[in-house]
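Residue numbers start from 1 in every chain, and the chains themselves are labelled A, B, ... in the order their sequence lines are given, proteins ahead of strands. Side chains are part of it too, since the values below use all heavy atoms of this structure and drop only hydrogens, waters and symmetry mates.
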Amino acid sequence: MADMKLPKQSENYSEWYTQVIQRAELADYAPVRGCMVIRPYGWALWENIQKDLNKRFKATGHENAQFPLFIPMSFFEKEKEHVEGFSPELAVVTHGGGTELEEPLVVRPTSETVIGYMYSKWIQSWRDLPVLINQWANVVRWEMRTRLFLRTMEFFWQEGHTAHATAEEAEEETLKILDVYTTFAREIAAVPVIPGLKSNSEKFAGAVRSYSIEAMMGDTKALQAGTSHNLGQNFAKAFEIQFVDQNNEMQHCWTTSWGLSTRFIGAIIMTHGDDQGLILPPRLAPVQIVIVPIFKDDEEKARVMPAADALRDNLEAADLRVKVDDRDNLRPGFKFNEWELRGVPLRIEIGPRDVESGNVMTARRDIPGRDGKQVMPQANAAAWAVDLLETIQHALYQRALNFRDAHIYQPTNREEFLKALDDGWAYAWWCEDTACETEIKEQTKATTRCIPLDQPDGETGTCIHCGKPARRKVYIARAY
RNA sequence: CGGGGUGUAGCGCAGUUGGAAGCGCGCUGCGUUUGGGACGCAGAGGUCGGCGGUUCAAGUCCGCCCACCCCGACCA
C-alpha cells in the first residue's frame with residue numbers, strides 16, 4: 001500500500017468502505033464485473049454468521065437441504081409478479097455441451113419456483129405440513145451497479161422456504177423468522193435494527209406481504225439487512241402445491257420465504273467501523289483476541305514467546321478465538337495498526353516487562369488510544385477476557401443505537417421532513433399510497449424503509465408528504 | 001443503460017515537444033532494529049489494457065474496442 005492511512009469516513013464514506021474491505025482482506029474484486037472473491041477472513045466471518053443462524057433455524061424446527069442451481073425458464077413464467085420482478089436480472093444459460101438447449105436454464109436468482117415445484121410433489125396431506133426447509137446457497141442477479149458485499153451479481157445467502165396449512169400459520173412463521181433475524185442482528189452482530197412491514201412497492205415480487213429488518217449505516221443511509229415474506233397462496237397456486245385437509249377437501253398451501261445474505265457483512269462493516277478500519281463484534285469476529293509479543297532480541301524472544309503461547313492456550317481453553325502474531329519481521333506498532341484495521345476487538349500486548357510483572361497490556365478496539373488500554377493480570381486471563389469481550393459487544397451495540405437514534409427525526413412539516421432526510425431518517429405518518437411514495441422518491445431520493453411493528457397506540461395522523469389521513473407511521477430514508 | 005473518471009512493476013503514481021521506461025510503497029536476501037505504521041546495503045520485478053493507423057522512431061499523436069472505478073435510473 002502506498003498510503004498507510006485509510007480515507008476518513010467523513011471525507012469519503014464509500015471510498016472508506018471499498019478500501020477497508022480490501023485492506024482487511026475480507027474480499028477482493030474478481031475478474032468478472034460485479035463479482036467478488038470472499039477471502040478467508042471474510043468467509044470466516046460469514047461462517048460465524050451461518051453458525052449462529054443455523055442454530056436458530058434448527059431450534060425453530062427447520063432443516064437444511066440443497067436445491068439445484070439451474071431452473072427451467074418456464075418456471076419463472078408461472079407467477080406473474082415474480083417474472084415481472086426478476087426477468088430483467090436473470091442470467092440465462094442457453095448452451096450446454098456444445099449445443100443449444102431446448103429450454104434455457106436460469107441460474108437461480110432465488111429458489112421459490114424450483115422449491116415450489118418440488119413441494120407440489122412432496123405434499124399430499126395436511127399430515128405432511130408444515131414443511132420447513134432452509135438452504136444455504138449462492139444466487140445470481142444481473143445487477144447494473146454493484147458494490148462489495150452490498151450488491152454483487154453473485155451472492156451467498158440462506159433462503160428459507162416453508163409451506164403451511166393455514167394463512168395464520170404462514171403469517172406466524174413469517175414473523176417468527178423476522179424475530180430470529182432481529183435477535184441475531186441485535187445480540188450477535190450488535191447491529192440495531194428495526195423490524196417492520198415493507199410498503200407495496202418495496203415488497204418481494206410475488207409476495208402478499210414482506211417484512212424486513214432495517215439498519216442505519218455510519219453515513220446514516222438505511223440498509224435492508226434481512227427479509228421475510230408471506231407469499232400467501234400465490235406460489236402454491238402457480239405450482240399447484242396442494243394438500244387434502246382434515247375434511248378431505250383439497251386446499252392450496254400457504255407459503256413463506258425469507259433470506260439473509262452476505263450483504264449483512266456490509267451492515268456490520270458500516271455499523272461499527274471507524275477511521276482506523278473495521279470493528280468486528282466479538283461474537284462474530286474470526287479473531288477475537290490478538291496477542292502481540294514484544295521483544296528486541298533472541299534472549300527476550302525466548303522469554304516472551306512461551307508466555308504468549310501459554311496465554312493463548314489459556315484463552316483457547318475458554319473457547320476464545322485467539323491469534324498470536326509471531327511474525328518477527330514486523331515491529332509491534334505496525335501490527336497494532338494492522339489488527340486494528342482488521343477489526344479484532346481485543347489486543348493483548350506481552351513483553352519482557354509483563355513477563356516479569358505477571359501482567360499484560362490490553363487494548364480495546366472500540367476505544368482507540370490510551371483510553372482503551374488497561375493492565376490485566378496473566379492469571380485468570382480467560383475470565384477477564386470473556387468479560388471484556390462481552391463489555392465490548394454491548395458497548396458496540398449501545399454506540400450504534402445511540403448513533404441511530406440521534407439521526408432519527410419525527411418531522412411534522414415539509415421543511416423538517418427534508419431536513420431529516422439530509423441527516424438521517426424520518427419517522428412520520430404516511431398514507432401508504434403508492435403514488436405518494438413514488439412522489440417522495442422522485443423529490444427526495446428517499447424511500448419508505450418499513451412500517452415498524454411497534455406503532456403508537458391508537459393514534460392516527462396526516463401523511464407527511466400529501467396530508468391525507470394516515471393510520472401508521474413509517475421510516476423514510478435514503479437507502480443502499 | 002446515461003454521465004464522469006482511470007488503465008504504465010504487486011499497490012499508488014510520474015513520464016515534458018514523439019527520441020534509452022521511472023519514482024514511492026510493497027516484495028527477496030543480509031545486517032542493525034522492535035512497548036503505536038524502523039533503517040542501511042544489495043536485488044528481483046514491465047505485452048505501458050487490446051487491436052489497427054501515422055512516423056525513421058509511439059507510453060506519448062489518431063481511430064476502434066475492452067476492462068474497472070465513481071455518480072445517476074433498477075435491486076437483497
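Counting any heavy atom pair closer than 4.0 Å across all strands shown, A:Ser228 reaches no nucleic acid atom. Using a 4.0 Å heavy-atom cutoff across all strands shown, A:Glu15 reaches no nucleic acid atom at all. If you check every strand for non-hydrogen atoms under 4.0 Å, A:Leu223 touches nothing. When heavy atoms are screened at a 4.0 angstrom cut-off, A:Ser212 is found touching no nucleic acid atom at all.
The pair A:Glu81-A:Lys203 counts as a salt bridge, with a side-chain nitrogen and a carboxylate oxygen less than 4.0 angstrom apart.
A:Gln374 is linked by a side chain to side chain donor-acceptor pair (under 3.5 Å) to nothing, counting only residues two or more places apart in sequence or in another chain. Remark: A:Asn314 engages no residue in a side chain to side chain donor-acceptor pair (under 3.5 Å) (not counting sequence neighbours). In this view, A:Arg108 and A:Asn138 satisfy the side chain to side chain donor-acceptor pair (under 3.5 Å) rule, not counting sequence neighbours. By the side chain to side chain donor-acceptor pair (under 3.5 Å) test, A:Lys301 pairs with A:Asp328, sequence neighbours left out.
Side-chain proximity of A:Arg347 to the nucleotides B:rG36, B:rC70, B:rG37 is greatest for B:rG36.
Taking a pair to require two hydrogen-bonding distances under 3.5 Å in either a Watson-Crick or a G-U wobble arrangement, B:rC51 pairs with B:rG63. Remark: B:rC1 base-pairs with B:rG72. Criterion, Watson-Crick or G-U wobble with two distances under 3.5 Å. Pair assignment for B:rA44 gives none, since no Watson-Crick or G-U wobble pairing has each distance under 3.5 Å. Across the strands present, B:rG35 finds no partner; the criterion is a Watson-Crick or G-U wobble pair with both atom distances under 3.5 angstrom. Checking B:rC13 for Watson-Crick or G-U wobble geometry (two distances, each under 3.5 Å) identifies B:rG22 as its partner.
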Should A:His62 and A:Gln158 be marked as a side-chain hydrogen bond (donor to acceptor under 3.5 Å, both in side chains) after you check the CA-CA gap, both sets of side-chain angles, and the distance that decides it? CA-CA 12 Å; A:His62 302 83; A:Gln158 56 69 216; over 6 Å; no
Trace of the salt bridge (Lys or Arg N to Asp or Glu O under 4.0 Å) decision for A:Lys419 with A:Asp423: CA-CA 7 Å; A:Lys419 241 174 81 187; A:Asp423 190 50; over 6 Å; no
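Formation of a donor-acceptor pair under 3.5 Å by the A:Trp16 side chain with backbone atoms of A:Leu6 is not found in this model. Looking only at distances, no side-chain donor or acceptor of A:Tyr211 sits under 3.5 Å from a matching main-chain atom of A:Gly226.
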Anything under 3.5 Å between a donor and an acceptor, one on a side chain of residues 82-95 of chain A, the other on a protein residue two or more places apart or in another chain? List them.
| unit_1 | atom_1 | unit_2 | atom_2 | d |
| --- | --- | --- | --- | --- |
| A:His82 | ND1 | A:Ala205 | O | 3.0 |
| A:Ser87 | OG | A:Val83 | O | 2.9 |

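For B:rG7 and B:rC62, the P atoms lie 15 Å apart once the distance is rounded to whole Å. Spacing of C1' atoms, B:rC39 relative to B:rG3, comes out at 48 Å, to the nearest Å. Taking atom P on both B:rG22 and B:rG59, the two are 13 Å apart, rounded to the nearest angstrom. Spacing of C1' atoms, B:rU16 relative to B:rA58, comes out at 15 Å, to the nearest Å. The same atom, P, is picked in B:rC23 and in B:rG37; the two are 28 Å apart, to the nearest Å. When the C1' atom is used for both B:rC70 and B:rU28, the distance is 36 Å, rounded to whole Å. Here, B:rU33 and B:rU47 have their P atoms 40 Å apart, quoted to the whole Å. The P atoms of B:rG43 and B:rG24 are separated by 15 Å, rounded to the nearest whole Å.
A donor atom on one side chain and an acceptor atom on the other are found under 3.5 Å apart for A:Thr448 and A:Ser199. Of the N and O atoms on the side chains of A:Thr256 and A:Trp258, at least one donor lies less than 3.5 Å from an acceptor on the other residue. A donor atom on one side chain and an acceptor atom on the other are found under 3.5 Å apart for A:Gln135 and A:Ser111.
Residues from residues 255-289 of chain A lying near RNA chain B, meaning a heavy-atom separation below 4.0 Å, are A:Ser261, A:Arg263 in numerical order. For the segment residues 62-88 of chain A, no residue has any heavy atom less than 4.0 angstrom from an atom of RNA chain B.
Contact annotation: A:Ser14 side-chain N/O to B:rC71 OP1/OP2 distance is under 4.0 Å. For the OP1/OP2 pair of B:rC74 and a distance below 4.0 Å, the side-chain nitrogens and oxygens of A:Lys441 include at least one atom meeting the criterion.
Stacking here means ring centres nearer than 5.5 Å and ring planes tilted less than 30 degrees, and by that measure A:Phe155 stacks onto B:rA76.
Under a cutoff of 6.0 Å and an axis angle of 45°, A:Lys78 and A:Phe75 form a cation-pi pair.
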Quick one: which protein N/O atoms are closer than 3.5 Å to N/O atoms of nucleotides 5-7 of chain B? Pair and distance per line, please.
none

Tabulate atom names and distances for all N/O pairs under 3.5 angstrom spanning the protein and nucleotides 32-35 of chain B.
| unit_1 | atom_1 | unit_2 | atom_2 | d |
| --- | --- | --- | --- | --- |
| B:rU34 | O2' | A:Phe295 | O | 3.1 |
| B:rG35 | OP1 | A:Arg331 | NH2 | 3.2 |
| B:rG35 | O6 | A:Pro352 | N | 3.3 |
| B:rG35 | O6 | A:Arg353 | N | 2.9 |
| B:rG35 | O6 | A:Asp354 | OD2 | 3.4 |
| B:rG35 | N1 | A:Asp354 | OD2 | 2.5 |
| B:rG35 | N2 | A:Asp354 | OD2 | 3.3 |

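Straight-line distance from the CZ atom of A:Phe204 to the C1' atom of B:rC74: 16 Å, rounded to whole Å. Taking atom CG of residue A:Leu341 and atom P of nucleotide B:rG36, one finds them 19 Å apart after rounding to whole Å. Whole-Å rounding puts the A:Leu150 CG to B:rC69 P distance at 13 Å. Following rounding to the nearest Å, A:Gln22 (CD) and B:rG12 (P) show an atom-to-atom distance of 9 Å. The CD atom of A:Glu25 sits 14 Å away from the P atom of B:rC11 (whole-angstrom rounding). What separates CD of A:Glu442 from P of B:rG72 is a distance of 16 Å, to the nearest Å. Taking atom CG of A:Leu148 as the reference point, atom P of B:rA76 lies 19 Å away to the nearest angstrom.
The side-chain hydrogen bond (donor to acceptor under 3.5 Å, both in side chains) contacts involving residues 262-279 of chain A comprise A:Asp274-A:Arg365, where partners must be two or more places apart or lie in separate chains. Screening residues 344-359 of chain A for salt bridge (Lys or Arg N to Asp or Glu O under 4.0 Å), with sequence neighbours left out, gives A:Arg303-A:Glu356, A:Glu340-A:Arg347, A:Arg347-A:Glu349, A:Glu349-A:Lys373. Pairs passing the salt bridge (Lys or Arg N to Asp or Glu O under 4.0 Å) check and including a residue from residues 206-228 of chain A, sequence neighbours excluded, read A:Glu171-A:Arg209, A:Lys198-A:Glu214, A:Glu214-A:Arg449.
Nucleotides of RNA chain B nearest to A:Tyr29 and A:Ala479 differ in position, and the one nearer the 5' end is that of A:Tyr29. Ranked by how close their nearest RNA chain B nucleotide is to the 5' end, A:Gly369 and A:Ala225 are led by A:Gly369.
On a pure distance criterion of 3.5 Å, no polar donor-acceptor pair joins the side chain of A:Glu338 and the base of B:rG37.
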